[in-house]
Asks: 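This structure is in structure tokens; I'll ask about it shortly.
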Amino acid sequence: MQTQILVMDFGSQYAHLIARRVRDLGVYSEVVPNSLNYKDIKTKYPNIEGIILSGGPDDVVKDGAPQCDRKLLDMGVPVLGLCYGHHIIGHYLGGKVGLGAGREYGMTKLKVVMTESILKGFGKTENVWMNHGNSVTALPDGFEIAARTDDCIAVIQNKEKRIYGVQFHPEVTHTKKGKVLLKNFVFDICSCKKDWSMEHFIAHEVGKIKGQVADSRAIIGLSGGVDSSVAAILASKAIGSKLAAVFVDTGFMRQDEPEFIKKTFSSWDMKLIMIDARKRFYAALKGVVDPERKRKIIGELFIRVFDEVAVIEKAQILIQGTIYPDRIESGGSKDSSVIKSHHNVGGLPKDMKLKLCEPLRDLYKDEVRVVAKKLGLSDELAMRHPFPGPGLAIRIIGECTSENVEIVKQANHIVLDELRVAGEYDNIWQAFAVLLPVKSVGVQGDARSYKKVIAIRFVNSVDAMSASFSKVPYSLLEKISTRITNEVGQVNRVVYDITNKPPGTIEWE
Ligand code: XMP
């Protein structure tokens, strides 16, 4: 398998989505920074068939705006510029870029002049999703207009040089014909071969892990989630007995998690090490209430424990199930901001001794679930809701005392239990309980009570980058609320979180 399409990132939220859409077409694609120059690309990717320049928030003509090597437009390899990438083409090749007739945000009517080449399969008008201030206001030499909107030149092309600029975003699902445009570019213009699938991904990553571990040994932290499980199975296929899988019981795991791990992984041929580190984690978090401090402390302690196991196992490499959204929200791209430090990314100490290997680093969760099924993991595991690395510690707003952990663990278990009984588990991205640092007055058994509050959060999402609160039936919420106030002695009130992401995040901390 080889990279056929490079996506050059100019700080777009969607750069990875573009690569993902290309992979969905069966063609391997990778995101690279805009600092990669002509020489680097020639050396590192001698067989690329096309380059896509991503969007980005900047103004291409301003000082300090992200740039790329101009020679990329002269390599003889087809280039597709999207939004900011389209401006790069216009600006570098002698056209004009500026504010033009106006800004366009959201759904916009595209008027197609040429329903061929990059726009083959488009109607005379199509709805496309726009998000721009600037546009190309004068064409570079040798280019023609393939489509317009009322306010801008929307698609330009130089068919001879195979360079195309598109103002809208074909990678987002709102642009109905977006997939058609990418298909035209990838297959008709770049002549890519459809030779990438999840089976190729598995074979490729197994090979890469083999190469990286070579003669040394590796450990992997198992959390019971689908990401680390898939990473563990890939690693086990790659290096067999040179791998030890480590489950660290921090005390902040889901109810009965150690038993679940033993049951799930005992049938796989891998060394499983169970470590009870509850006391260490509780002690490290004593008195800590700040969310980022919790995350950093937990991330660091995880690594300390892994370092200790690595010494015993004589391992030099730590394999992790980090996926793409974990990296982007931890400030993974130089133009993106840190939302929170995901424990397996932003919480890593600078002086860690183990080398990292992250086979799933470019995948989205739904892609990982497909890999899980291909690897033969059970549906129960493949479809498990995401669970954050720092665990219940970031679902306790306030101090993580053992009493608080017990409360949130029980409430969480009830939420998931009732969701399964209602047959809704697989329809929801994530469901959980959060313990709030407030008490409220209630009346129970004719007596006044003054107890804690649990918030329940159910969200729907495709990739965790954005999410909406789930409109679950009131009857289900009522059942959960009744069970929590009946069964969790310290709680007398349950509230439902009706916040989308953005502005909220999925977890509360
Ligand atoms: P947020 O709260 O940032 O969460 O909207 C997005 C998704 O990531 C999960 N999450 C984590 N996963 N380590 C992880 O492996 C972490 O530190 C972490 N923090 C949040 C969260 O549950 C949601 O699915």
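As the structure lists them, so they are numbered: ligands from 1, and atoms in each ligand from 1.
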Asks: So is Arg295 close enough to ligand 1, meaning a heavy atom under 4.0 angstrom away?
Replies: yes
Asks: Enumerate the atoms of ligand 1 whose separation from the nearest heavy atom of Pro386 is less than 4.0 angstrom.
Replies: 24 (O)
Asks: Side-chain contact, heavy-atom cut-off 4.5 Å: Lys242 with Lys210?
Replies: no
Asks: Closer than 4.0 Å to some heavy atom of Thr505 - which atoms of ligand 1 meet that?
Replies: 1 (P), 2 (O), 5 (O)
Asks: What's the spacing between Asp269 CG and Ser241 OG if we round to 0.5 Å?
Replies: 8.5 Å
Asks: Assess whether a salt bridge exists between Glu509 and Arg395, defined as any Lys/Arg side-chain N lying under 4.0 Å from an Asp/Glu carboxylate O.
Replies: no
Asks: Is ligand 1 less than 4.0 angstrom away from at least one heavy atom of Trp429?
Replies: yes
Asks: Sequence neighbours excluded, which residues qualify as salt bridge (charged side-chain N to carboxylate O under 4.0 Å, His left out) partners of Lys374?
Replies: Glu199
Asks: Are any of the N/O atoms on Ile506, whether in the backbone or the side chain, positioned under 3.5 angstrom from an N/O atom of ligand 1?
Replies: yes
Asks: Name all residues meeting the side chain to side chain donor-acceptor pair (under 3.5 Å) criterion together with His87; count only those two or more places apart in sequence or in a different chain, and write none if there are none.
Replies: Gln167
Asks: I need the atoms of ligand 1 closer than 4.0 Å to a non-hydrogen atom of Pro390, numbered in the order shown.
Replies: 16 (C), 17 (O)
Asks: Using a plain distance cutoff, I'd like to know if Ile394 has any nitrogen or oxygen under 3.5 Å from a nitrogen or oxygen of ligand 1.
Replies: no
Asks: Quick one: is the NZ or CZ of Arg384 closer than 6.0 Å to the six-membered ring centre of Phe260, and within 45° of its axis?
Replies: yes
Asks: In ligand 1, which numbered atoms sit nearer than 4.0 Å to a non-hydrogen atom of Lys501?
Replies: 1 (P), 3 (O), 5 (O), 6 (C)
